[in-house]
K.L.:
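Structure below; questions to follow.
Per chain, numbering begins at 1; letters A, B, ... match sequence-line order.
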Amino acid sequence: MTANDIFQMVIYFGALLLLAKPLGIYMARIYEGEQVPPARILGPLERAFYRICGIHPDEEMDWRQYAAAVIIFSAAGMIVLYLLQRLQGGLPLNPQRFPGVPPDLAFNTAVSFVTNTDWQDYGGETTMSYLTQMAGLAVQNFVSAAAGMAVLVALIRGFKRNSAGTIGNFWADLTRGVLYILIPLSVVYSLLLVSQGVVQSYSGYKRVELSQPVIYDAVKLDGKGGPVSSPDGSPLREKTGVKEQIIPLGPAASQIAIKQLGTNGGGFFNVNSAHPFENPTPLSNFFEVLAVLLIPAALCATFGKMVGDMRQGRALLAAMLLVLVTMTALCTWSEQRGNPRLAALGVNQTAGSLQAGGNMEGKEARFGIVNSTIWAAATTAASNGSVNSMHDSYTPLGGLFPLLLIQLGEIIFGGVGSGLYGMLLFAVITVFVAGLMVGRTPEYLGKKIEMFEMKMAALVILIVNALVKVGTAIGVSTAAGVAGISNPGPHGFSEILYAFSSAANNNGSAFAGLNGNTVFYNTALGIAMFFGRFWVIIPVLAIAGSLAKKKQVPPSLGTLPTHTPLFVAFLVGVILIVGALSFMPSLALGPIAEQLMTGR
Amino acid sequence: MIKTIRISCIALLVFTLFTGFVYPALVTGIAQLIFPYQANGSIIVKDGRAAGSALIGQQFDDPKYFWGRPSATTPYPYNGGSSSGSNLGPNNPELTKAVRCRIDALRAADPGNASPIPVDLVTASGSGLDPHISPAAAEYQVRRVAGVRGMGEAEVGSLVKSMTEGRWLGLLGEPVVNVLRINIALDKLSRKGT
């Protein structure tokens, strides 16, 4: 690692920590229904929204009603998004005249965006009309993120309330999240991004004349557009010249802002934030990767504020940072070392003042190594899944850390809301394990942790684990699954493992060489995403309901304090042990085997 | 239950109107007003005609031009309509083969240049549309470009220096040279010289 690598990491994490607290406290005030300054403008909008929808924001829900609202609202979103894609051919705002999306791909994409995963089996600029992108995908970017935050807030209320039957109103939490948090941040962010060169326009793609025509080998076509065969049956090839270049446009900035802020990650263009129109400069890159962790980090402060003890939030944030900073550094180190096979060819991979060096396959020159690896770690730690470099071309160890961050369960920051509710389950498990050690009833934030909570927390871990492993097992043992692999050897296994890890944990990033746009992967990954989201939300809300009913117990001499460095270390230990026990064997078959094959 | 379904449908509709139409329209309006150049693709105009986008790379393999990053887009390199990386794994023999081909092409275009080739000049970019190369990759090509054009190496070298964009505020990102811009500048210099 170079001094510059370390320097850029310090700037990034420094800026994140600086912004987390004020934003987090602002969010806590919103969810507690306080008057915030933007309410002067947005307040009337909020009230009008409630009136139109017939929502009574003060009507409290028990956990079953809350869960039903989350699921029915998501189901409605899925149906609408599916239909929008299928019918886009006949709908307006489609200047490229894209036809309707095929059923399996439309199913996959609908589940993907509603579950806040944003796994993409399609290329944006070749598949989706502007209407689908804006009115379908971007809308889910907002509401799926806000729904995740709502579930978290409900869980926090469970800890906070004393002998209560209810955990808040989903519709009010959802609306406030969109209106007061996501929209204002997105507007500011969109404009920052446009200033850097991210496109924002409704006109169709432009064409420009190339300075130097491109000559390439293409399959020769007959008058009807079919391939011409040579006498031996193989398709005939001919030199073809291209004189023009397509410049893709679209309302990209508005969508990129929310896909970064809402830990969605679904790109406007195929290569996501590696595309120069999606992420044109080092400054746009800084803003975008800051947005990945901004709300998840701030929510730790929201949590602390809402439970009335900022130290509790700080402890969770410290645990997250400890894991993330370590893995970012290791990933950077591995990528900066470069690819020994290219070194053998005499390629210069040494970092210096004139080049970033390292493993540059699949990376952009303006980002070099460290801005690519910070992104890779942040986007897999948070369940964002956007990329600014191609993870499939990472060195074996460089690719292992993003994969491991996903497999830890998307709790190191994690998705907006979903990350912290996952982390809180781990905190619960940690106090339980500690309780077992000393033979006392475990408690967290004054609530006794009993059989029911432990069952639900274990269920969450087991369900996601099973989805990843059963999915991967089916993938590698069926012809349809193996057909998607694009790289030979252990790397091909890693591609499938990464896909199911990403889908079940609702991350959405990919080893993109895997051809996922097949009936098998569209269906299998769609199912993994669905259960990975809702079979976690239901147990989490069940815990929230059960905790809310319990009495607050004042801390006694035997209570394990949950804000100390000791607890942070214990929590990280539990996370790493659960993660390592679950996934070490599969990692050994993939990236670790591959690393051993590189011979150093 | 019925009530929840009704609220879900209406809420979705209103959210769609607000976040799907009003929000992007608002952003587009402001963007087109304040940043029209950026919002419409940062188009470079040369002699009154659009010569490309400052942000989207073009394929150059003529020895008189600076070459950019190898591009993995299909069916031809730098296809602006379909961005893509190679997604080749580090141990994939296809990767080694492709890199060797690129090394051979660079060596053939500039026999006698024995300095090691900078990595970004022989590895495919993530987007396939990377508009930049590292200053090292530009300097590697100075000798060839100057030779083919009959210009002085010092002249081309100083052009590279003047076209190098440093880190943002000296802090963020990596220093780069925009390939399309430097090639347009080269053509202009050559025309002046003759």
K.L.:
Determine yes or no for a side-chain-to-main-chain donor-acceptor pair under 3.5 angstrom, with A:Q245 supplying the side chain and B:Y78 the backbone.
P.N.:
yes

K.L.:
Please flag which part of A:H275 lies under 4.5 Å from any non-hydrogen atom of chain B: side chain, backbone, both or neither.
P.N.:
both

K.L.:
Can you say whether B:Y65 sits under 4.5 Å from chain A via the side chain, the backbone, both, or neither, judging by heavy atoms?
P.N.:
side chain

K.L.:
Could you look at B:E139 and say if it's the side chain, the backbone, both or neither that has a heavy atom under 4.5 Å from chain A?
P.N.:
side chain

K.L.:
Within a strict 4.5 Å, meaning less than it, do heavy atoms of the A:L210 and B:F60 side chains meet?
P.N.:
no

K.L.:
Angle class for the A:F142/B:Y23 ring planes (parallel below 30°, perpendicular above 60°, tilted otherwise)?
P.N.:
perpendicular

K.L.:
Does any heavy atom of chain A fall under 4.5 Å from the side chain of B:A54, the backbone, both, or neither of them?
P.N.:
neither

K.L.:
If you count the non-hydrogen atoms of other residues, nucleotides and ligands that lie under 6.0 Å from CD in A:E209, is the total more than 12?
P.N.:
no

K.L.:
Using the side chain to side chain donor-acceptor pair (under 3.5 Å) definition, which of the options B:D61, B:N183, B:D62 pairs with A:Q212?
P.N.:
B:D61

K.L.:
Identify the heavy atoms of B:A136 and A:Q355 that sit nearest to each other, and give their distance.
P.N.:
CB-CB, 3.8 Å

K.L.:
Would you say the side chain of A:Q8 lies within less than 4.5 Å of the side chain of B:L172, judging by non-hydrogen atoms?
P.N.:
yes

K.L.:
Which bit of B:V27 is near chain A, if near means a heavy-atom gap under 4.5 Å: side chain, backbone, both or neither?
P.N.:
both

K.L.:
Could you check whether the rings of B:F15 and A:F73 sit parallel, tilted or perpendicular, using 30° and 60° as the cut-offs?
P.N.:
perpendicular

K.L.:
Using heavy-atom distances under 4.5 Å, tell me whether A:L131 contacts chain B through its side chain, its backbone, both, or neither.
P.N.:
side chain

K.L.:
Output yes when a side-chain donor or acceptor of B:R69 lies under 3.5 Å from a complementary backbone atom of A:K363, and no otherwise.
P.N.:
yes

